[in-house]
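Contents: one structure, followed by commentary.
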Amino acid sequence: MNPALLGLVTILAGVGGCLLYFWGSNQILDKVIFPAKGPQAGQNINRANIVRPWLFLFPAMFALGLYLAYPVFETLRLSLTDRDQGGAFVGLANYNQMMAEPKFWEALRNNLLWLIVVPAASTAFGLLAAQLTDRIKWGSAAKSLIFMPMAISFVGAGVIFKLVYEARPADQNQIGVLNSVWLQFEGGIGSFLFLQVLPAIMLLAFAAIVAYVGRIFVRPIAESKQRGGGAGYVPLRLFVGVAALYLVYLSLTSLVGIFTFDYPYGQPQTWLTIPFWNSFLLMVVLIWIQTGFAMVILSAALRGIPEETVEAAIVDGANPFQIFFKIKVPQIMGTIVVVWTTITITVLKVFDIVFAMTNGQWETQVLANYMFDKLFRANDWGVGSASAIIIMIMVSPILVWNVYNARKEMK
Amino acid sequence: MDNIAGSKSSLGWVVNISVVLLVALWVFPTFGLLVSSFRTADQIVGSGWWASLFPSEQTERYRAADPDENRVQRGDLFVVEGNFFGDNGAPGEIQSWGTSSRAVDAYQAGDVADLGDGETFSVDAEGNYVWSGNDEQISGRGQRAFVTAVSPPEFTTENYVNIMTSGDSNDNMAKAFFNTLTVTIPATIIPIVVAAFAAYALAWMDFPGRAILIACVVGLLVVPLQLALIPLLKLHVGIGIGKGYLGVWLAHTGFGLPLAIYLLRNYMVGLPRDIIENAKVDGATDFQIFTKIILPLSFPALASFAIFQFLWTWNDLLVAKVFLIDATGQTTVMTDQIVNLLGTRGGNWEILATAAFVSIAVPLCVFFAMQKYLVRGLLAGSVK
């Protein structure tokens, strides 16, 4: 059958079937099983009302169970079995095999890198864009342009940025923006400012922010000692503190690298084949897409801040930066966390960008693409499922946190 | 907001410039692809797309026709007339010309150059030249001229015609476009119906276990669909659906449900309780309340979810690759075809850019038309 016709039939069958189901099952419930008449009318109405919610819920719960809940357990089971041995239970053999592969560690390392960079950069850019666009007349137009990449597929974005990163031989005109800009640098004072001083400042700013966040997390421990009470989440706080220290250390050591690095001026670069840095170029694509999302949500949160608090700060003589960092940011911290976690989940699932742009070559592998590789190219369901479980494990803390918050909010 | 104290912010212009830069940075990459899709293959590899936005100047060396064969006597003088560009026409409007390589822009179009001893040369805007002088001067080799032509930006829609009508099934996007459409529409509509009823039950009906079910939905919101690939493919093959449209519709429905239920429930809970209770007092059944009151009132939330699901299914690659596209490749969707083109046609930017834009155009239109609902959905959908 023609697919378009099949589609139309499916829409009609799907929608019609759903409506028929809901209407019909309600009719049967009210007229046949528990009719609201006769000697037991009152009791029947009550019984019908007990059953009815489940009629409404059944199709959705069935689909959710079958398409999302069941696969979690089935994948777990598959990761513990071997397909070649007819699905025999092999314990953790798949995990061991996976851990022995350097590609897996490369994927895990890259994923962690993505997890640090993309949510941080998207949230920071989003916050910046939200704060700036809220203050100008043509702000809503600017917002919708920054928000636009949201509508573009990862694959489309991949093509867009492949053109940006495109490299041509040195004796031809460059058609990629990045190489064209790169060839403008020739080692003079401009190159020094843009390629050494500017990154150094950005790195220092990053280290400062990380140190600040680390301090926020660790300080309550010290304070609670003084007060003699518990701070709560001590392991988590310590972990964040140590991670922040490590990141600060890393940024400060790379500072030296920036100034000692010998830039290959004048040669067009095939950017996507430069190991380590190419991952960042792929991250740019996702940051480009997610910034709009962060901006929209944070802008709404910024507008929700009570004006009195800002007014009071102005009266007290605070400058715009103090108002932003000390008055506004603390008040929208909850929303920032939400944005951060939402982007984190997207990052964990990122597949299309890597698949379309490098397919994991040149050390850009990530877990989702590694998994796809194992499942559908190597046909190794065991290891593929095992890596899917790793993704699930990485998502779980956010899952628990979300459920916890949702329950708290309902009470 | 900082202006409330009455003092105008001195940072105003800094803010404006920063936003202009930010917006430019965000629009630039897409714009580059859009521009490229309207250029020919030669233009794309010849210069960066940004160059095509400005008139391009081209200076070429030409030589007048051989005087010994082409000269015509007019009175005392011999004249050679002709056109530098022949039948091809001018590459653009001639701005300036010169007879020496050291001063290629010495004369404007239409000027007459005095080459000494009564010998003259002139070039007009169309490239017609007149070279006149005495017998000795108009002989030997033709007079050299350096002509600078300015061609206006040039764009073509040829790429789009090619890609929609190409006979090569790898390049032709028309089929993939309709396949994508076929996947998208049922996969957008069906989950809405299923989710709306469930959301109503979770929002307005009292039953034991409701809180747990809501918590489950919130939890399932973040379950990576990667986990579902193999088990569901096995299931689909097992029950005879195999790879195909039905499978991909079902998969998208399942994966879209948590967000749909969550969004719709959050919205429905906020509807005024009075309306629903009044209707109950008047004897309306739950089914009537749902179809006559809740559904029409929930239109904004339904629209929000519809846009999300539309964008997500239209842009999806993974689900289509796993549940739809079989070995024959008859059911390929646009995202998949673009990935294939990236592999086989990596350097043919006229094809890549155009194919990508065919697939980007529809979501962009939807985005700009329904942005309001998208923003509303985002604000309601991010777990608070």
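Chain letters run A, B, ... following the sequence lines, proteins first, then strands; residues in each count from 1. Just so it is clear, the values below take in all heavy atoms, side chains as well, and ignore hydrogens, waters and symmetry mates.
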[X] versus chain A, heavy atoms under 4.5 Å apart: side chain, backbone, both or neither?
X        : result
B/Ala198 : both
B/Leu34  : neither
B/Leu220 : both
B/Gln226 : both
B/Ser36  : side chain
B/Pro208 : backbone
B/Ile307 : neither
B/Leu341 : neither
B/Leu318 : both
B/Ala251 : both
B/Ile192 : neither
B/His252 : neither
B/Leu213 : side chain
B/Phe357 : neither

So, for B/Leu257 and A/Ala60, which heavy atoms are closest and what is the spacing to 0.1 Å?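 For B/Leu257 versus A/Ala60, the nearest heavy atoms are CD1-O, 3.8 Å.
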
To the closest 0.5 Å, what do you measure between [atom1] ([X]) and [atom2] ([Y])?
X        : Y        : atom1 : atom2 : result
A/Ile50  : B/Phe207 : CD1   : CZ    : 12.5 Å
A/Phe355 : B/Asp336 : CZ    : CG    : 7.5 Å
B/Leu232 : A/Leu68  : CG    : CG    : 8.0 Å
B/Trp13  : A/Ile136 : CH2   : CD1   : 14.5 Å
B/Leu227 : A/Glu74  : CG    : CD    : 11.0 Å
B/Leu379 : A/Thr335 : CG    : OG1   : 9.5 Å

Considering only heavy atoms, which portion of [X] lies under 4.5 Å from any heavy atom of chain B: side chain, backbone, both, or neither?
X        : answer
A/Ile152 : both
A/Met61  : side chain
A/Trp288 : both
A/Leu66  : both
A/Lys137 : neither
A/Val164 : side chain
A/Ile345 : side chain
A/Tyr70  : side chain
A/Pro53  : both
A/Trp138 : side chain
A/Met148 : both
A/Phe372 : side chain

Does B/Asn315 use its side chain to pair, donor to acceptor, with the backbone of A/Phe154 at less than 3.5 Å? no

Ring centers of B/Trp26, A/Phe125 separated by less than 6.0 Å: yes

Which of A/Trp23, A/Phe22, A/Trp54 passes ring-ring contact (aromatic ring centres under 6.0 Å, His included) with B/Phe197? It is A/Phe22

Dump the intermediate steps for side-chain contact (heavy atoms from CB on, under 4.5 Å) on A/Leu57 and B/Met205, then the final yes or no. CA-CA 11 Å; A/Leu57 281 169; B/Met205 294 168 104; over 6 Å; no

